[in-house]
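Report on the structure given below.
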Amino acid sequence: MATTPYFVLSPSAVLSIIGLLRGPDKTDPNPAEDWRDAVVDAVIPALNEQANVVLALESLRRQTKQPRNIILVDDGSSDRTIEYARAFAEHHAMPLTVIQRHHPIGKTPTIKRQSREYDADVEFILDADTYLDSDNYIARAVEELYKGVGIASACGVILPTREKDRRRRIEEPAIRAFLEAHEDLDLYQPQGGWWHRLNRNLTALYRQQLYTFLQRFVYVGQMEFFGSITNPVGCAVAYRRKYIKDLFDKYEPVLGDDLTNSEDIFIGFALMNEGYRNIQLQDVKAHSLEPEMRNLPRQIYMWSSSFLQSCYYFDGLLGSPFKLLRRMRHRYREKHDPDMKELVARRQIREAYRQPFGVAHTEREGRPAGWIPFLAAFEKIGFPTALLIMLLLQLWEPLIVTLIAELAIAVGILTAISKGRRVKAFIQGILLTPIRYASLLYDLVTIGRFATDLWITGNRKWRK
């Protein structure tokens with residue numbers, strides 16, 4: 001989901017504030033193609049998702065821009081995922097293709113295979129535990145993709161699925177009619193005991209605040225300032241298929257399928273490294289089922305370790321701030337050198353945030369958007385380390401002042417951006433503070449494991 005699984009007032013958050021004040025680049029794009037003509041294939045990776053896959057398929061059926069193919073890739077499920085999916089597709093005459101594996105091999109090979117075996121313009125990835133809440137989600141994502149050749153991925157706002165959200169979707173007419181025609185199928189997940197219900201409710205509550213802070217504030221600022229976020233939210237994202245195919249053709253000979261512990265973070269970094277952009281839309285949304293709170297440490301590790309691993313692989317992008325003078329000289333020459341001015345004038349592609357493509361440019365001059373992972377890495381390592389040092393040295397006064405100041409500003413921002421629910425957001429932000437600080441400190445474990453991989457074991461088998 002994100003490079004930082006908690007929300008704090010950080011350098012990247014400050015950068016987001018500057019971006020919001022600065023406003024976007026006003027250069028008008030000149031798309032060369034009409035997005036309405038783009039062919040879309042939807043790919044649904046699934047593993048034991050019989051209770052969710054029907055909701056994902058129904059959300060695709062309702063889209064205003066329909067995919068040409070829907071490819072369900074079952075990664076070795078032991079439940080009735082395929083049966084449920086086929087029954088629903090047949091009931092509504094949907095173009096479903098099922099690819100069944102006998103043993104799980106992960107999501108990365110799924111994205112790679114479909115980018116190579118199909119010729120669609122857009123590869124839309126929809127996790128089986130995710131449904132599109134906006135009926136124009138695909139249409140808007142594809143429309144934004146085609147606003148510039150430099151845009152490689154587009155996603156909307158992702159929210160956690162609460163139990164009442166699931167029940168609301170299940171009670172809709174199309175799904176009710178399907179269930180009435182197939183009385184042996186049951187989409188209602190077991191409720192479990194009070195402990196499991198508490199875990200699910202805490203997860204939804206925490207993720208609601210986390211995702212609001214990240215997507216309604218941090219990502220908005222990054223989009224305004226750089227026209228890109230670090231990586232798309234991988235559970236409901238549209239990719240330019242050719243760009244993804246080229247990416248795998250480049251990195252598979254070196255890394256195989258070991259594209260870090262979270263493939264969407266690696267893909268996002270790799271696309272930025274080539275000079276492409278990953279964008280997020282604020283006007284469409286989807287809901288994704290989240291693991292229970294007791295499983296949060298594992299997901300924190302997956303997200304954070306993938307971010308650090310991607311920083312390791314794309315150190316040229318990470319070092320962009322140190323190449324600022326080179327970029328400034330280059331821009332000065334474009335404005336004052338006659339030859340460079342003529343070259344700029346001959347450019348056929350004029351779009352916002354346009355830069356030369358290719359890794360060579362990144363290595364030589366970096367990318368302005370490289371500030372995002374640089375500052376995120378700084379805060380990911382620096383902030384929890386600083387808190388730990390203050391704890392170990394028993395520097396109670398500076399520790400308390402730091403926590404109170406950070407809490408006030410972070411919760412203040414969360415409250416300000418939570419339109420229509422500001423009082424609730426304020427109260428929840430305060431109550432969830434122990435969880436987010438526990439998440440923050442747990443990142444020290446991730447940092448330790450990453451350092452061990454780099455300098456002790458030499459492990460590079462990083463794979464989701």
Side-chain angles (χ1 to χ4, degrees), residues 40-64 66-107 110 114 124-135 137-138 158-197 199-201 203-204 234-236 285-292 295:
V40 180
D41 283 344
V43 180
I44 305 178
L47 176 60
N48 294 328
E49 298 288 358
Q50 68 177 30
N52 302 306
V53 68
V54 168
L55 302 185
L57 287 170
E58 165 61 7
S59 71
L60 287 178
R61 188 188 70 85
R62 295 167 52 151
Q63 291 300 297
T64 56
Q66 282 290 300
R68 177 188 62 181
N69 298 311
I70 301 174
I71 304 107
L72 173 69
V73 183
D74 182 84
D75 204 27
S77 294
S78 57
D79 65 359
R80 302 170 69 186
T81 297
I82 294 178
E83 178 186 348
Y84 279 36
R86 281 179 169 156
F88 186 82
E90 290 174 3
H91 185 84
H92 290 287
M94 299 176 68
L96 179 69
T97 300
V98 175
I99 299 174
Q100 185 174 14
R101 299 182 181 130
H102 296 293
H103 303 286
I105 61 175
K107 184 176 175 180
T110 297
Q114 309 320 314
F124 185 80
I125 306 298
L126 178 65
D127 286 359
D129 62 0
T130 304
Y131 66 83
L132 306 176
D133 204 46
S134 303
D135 292 348
Y137 191 106
I138 293 179
I158 310 300
L159 301 172
T161 301
R162 300 165 297 183
E163 290 187 14
K164 65 179 181 180
D165 296 322
R166 277 185 53 81
R167 290 187 174 276
R168 174 174 59 83
R169 298 295 292 203
I170 292 173
E171 293 300 324
E172 291 181 354
I175 295 182
R176 291 304 313 160
F178 166 71
L179 292 177
E180 290 171 3
H182 300 80
E183 295 181 355
D184 60 319
L185 305 185
D186 181 17
L187 300 185
Y188 292 95
Q189 292 181 315
Q191 294 299 305
W194 68 270
W195 178 246
H196 291 283
R197 288 197 299 272
N199 265 275
R200 287 195 294 270
N201 290 333
T203 297
C235 59
K285 63 181 181 178
H287 279 81
S288 182
L289 192 66
E290 302 291 342
E292 293 185 4
N295 296 323

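The basis for the numbers below is simple: all heavy atoms, side chains too, and nothing from hydrogens, waters or symmetry mates. Counting from 1, the numbers follow the sequence of the chain as shown.
Under the 4.5 Å side-chain criterion, counting only non-hydrogen atoms from C-beta, T64 is not in contact with Y137. At least one side-chain heavy atom of H182 sits under 4.5 Å from a side-chain heavy atom of H91. At a threshold of 4.5 Å between non-hydrogen side-chain atoms, the residues D133 and S59 do not count as touching. Considering only heavy atoms from C-beta on, E49 stays 4.5 Å or farther from I44 through its side chain.
For D79 (side chain) and T81 (main-chain N/O), a donor-acceptor pair under 3.5 Å exists by modelled atom type. At least one donor-acceptor pair closer than 3.5 Å links the side chain of R166 to the backbone N or O of L187. No donor-acceptor distance shorter than 3.5 angstrom exists from the side chain of S77 to the backbone of D74, with no hydrogens or angles considered. When atom types are taken as modelled, the side chain of N48 and the backbone of S78 share a donor-acceptor pair closer than 3.5 angstrom. T161 places a side-chain N or O within 3.5 Å of a backbone atom of S288 that can act as its donor or acceptor partner. Here the side chain of D75 pairs a donor or acceptor atom with the backbone of I105 at under 3.5 angstrom. When atom types are taken as modelled, the side chain of Q66 and the backbone of R61 share a donor-acceptor pair closer than 3.5 angstrom. The backbone N or O of S134 lies less than 3.5 Å from a partner atom in the side chain of Q63, making a donor-acceptor pair.
The NE2 atom of H287 sits 13.5 Å away from the CG atom of N52 when rounded to the nearest 0.5 Å. Atom CD of residue Q114 and atom CD1 of residue I125 lie 8.0 Å apart, to the nearest 0.5 angstrom. Summarising the geometry, atom CG belonging to L47 is positioned 12.5 Å from atom NZ belonging to K107; distances are rounded to the nearest 0.5 Å. Atom CG of residue L159 and atom NZ of residue K285 lie 6.0 Å apart, to the nearest 0.5 angstrom.
Side chains of T110 and R101: a donor-acceptor N/O pair is present below 3.5 angstrom, by distance only.
Other residues, nucleotides and ligands place no more than 12 heavy atoms under 6.0 Å from the CD atom of E183.
Nearest heavy atoms, A46 versus A128: CB-CB, 3.6 Å. Here the closest heavy-atom approach between residue F178 and residue L185 is recorded as CZ-CD1, 3.4 Å.
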